[in-house]
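These notes concern the structure reproduced below.
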Amino acid sequence: MSDLLWQKDGVRVDARIMRFLAGDDVLLDREFLLHDITASKAHVAGLGRIDVLSADEVASITRELDALAEDFRNGDFILDDTHEDGHSAIEARLVDRLGDVGRKVHTGRSRNDQVLVATRLWLKERLDDLSDLCVAIAEVCLQRAGGESLPLPGYTHLQRAVVSSTAMWFAGFAEGFIDNAARARTTRDWLDANPLGTAAGYGVNLPLDRAYTTEALGFARMQVSPIYAQLSRGKFELGALDALASTLLDLRRLAWDLSLFTTAEFGFVRLPDEYTTGSSIMPNKRNPDVVEMLRASYAPVAAARVEIEQLLSLPSGYQRDLQLSKGSLWHGFTHGLRALDLMPDLLARMQWNGEAMRAAIEPSMHATDVAIEQAAAGVPFRTAYRAAAEAGSDTGSGRTPESSLTARVSPGGAAALGLEILHDRLKALKDKQREAH
Ligand code: ARG
């Protein structure tokens, strides 16, 4: 391992203990290194503005930081466990290239605000990804809801209930993913605060130009209190994971539907071939593995949430425990976003089997329509309900799924889907997103 930033003369560093402390943290820092470099540039420019660094020093350090970013992107610089962490690697490289000038980079900052700011920049990007993906999914769902619609059995308790339609199914998920996009955006705004310049968590005896670094890094506001900056570590990660988790809850239910609908017993949906796999032993199989993995994707996100929540049983101030939040955060987001990324294409190309769906709509599924019609004509609803129940499978005779759907005029129902309302909400979201980019 290269020299430790904090190493004291005469104190032996135990490799086993170091491995325990650093763990895979330095490897995880690969994900955050470019954000750390970006924030380091802002920090150095800020030091220039208060004359702690000369213009030449700022220029040299900035140049070397850019070169490091370039080398890292090309694979010419590899962040590995020869360093304690990404933060140390940046400083070591600057010292290596610039000597004493490099030794000035850490003036007025701590790894505690360094890791906070790098993670915060990363989180904002991931929440952008999340809202972009939710918008893309909602768009496909809305488009399909507005296209050809086929009767689909509507279930409650997994029992045949009332006639539904493929348009209603798509419209439901469209609205869900619009909500998810909106939540990702508000969460992004909520955590859009700059922690750089709070140092170890207590400020420093320099008039750091935090307003400048806030603006330079594109934050909406400064996170004012150094104490709160530390308190927000983990808390903000949890907020972001909450936005992701509620999205994946919708995805899980959607995937469940697809998993049921593709069974031979239902046979309502055919998935594009690439989304299915074969069996190693059963030549006849065409398995919906992708849909199952989509359904499972909530688990790593929920696990990440739980792990971070468990870590947060801490007093105020920086505690090393917080380091472990990085791995779960990365794992949760990587898995969750990868799953969502498949959805627009899958939803655009899945096919409904109209015949199988129609065959599963039995006459008794018109019973609710019949009872409500009579109630509208003046029969007390409970009386009409009993009559329809007694008529059993005769209730719906002479009715078609289409007649049920065209009469479903309650707002949001099959005859009044309200897609324009959803389109307007989606458009407003996209405008906001465009403004933010
Ligand atoms: N890897 C550390 C973390 O994620 C970086 C901050 C280390 N700070 C410290 N005071 N030891 O928390």
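When a residue number appears, it is its place in the shown sequence, counting from 1. Read the numbers this way: they start at 1 and go in the same order the structure lists the ligands and their atoms.
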Check each of Asn112, Val115, Asp25 against atom 10 (N) of ligand 1 and report the one with the nearest heavy atom. Asn112
Quick one: does Asp85 get an N or O within less than 3.5 Å of an N or O on ligand 1? no
Measure Gln319 to ligand 1 on non-hydrogen atoms and call it side chain, backbone, both or neither using the 4.0 Å cut-off. neither
At what distance is the nearest protein heavy atom to atom 2 (C) of ligand 1, and which residue and atom is it? Gln323 OE1, 3.4 Å
Distance filter under 4.0 Å to Lys326 heavy atoms, resulting ligand 1 atoms: 1 (N), 4 (O)
Would you please name every residue forming a ring pair (Phe, Tyr, Trp, His ring centres under 6.0 Å) with Phe268, sequence neighbours left out? Phe261, Phe266
Heavy-atom contact check, 4.0 Å cutoff: does Arg233 meet ligand 1? yes
re atom 6 (C) of ligand 1, the protein heavy-atom contact at minimum distance is Tyr318 OH, 3.5 Å
So does His423 have more than 12 non-hydrogen atoms from other groups sitting under 6.0 Å from NE2? yes
Should the heavy atoms of other residues, nucleotides or ligands under 6.0 Å from CH2 of Trp190 be counted, would the total exceed 12? yes
Mind checking whether Pro401 and Met365 have side chains closer than 4.5 Å, heavy atoms only? no
Asp129 bridged to Arg126 by N-O distance under 4.0 Å: yes
Is His87 close enough to touch ligand 1? Criterion: a residue heavy atom under 4.0 Å from a ligand atom. yes
Is it true that Asp128 and Lys124 have a side-chain N and a carboxylate O under 4.0 angstrom from each other? no
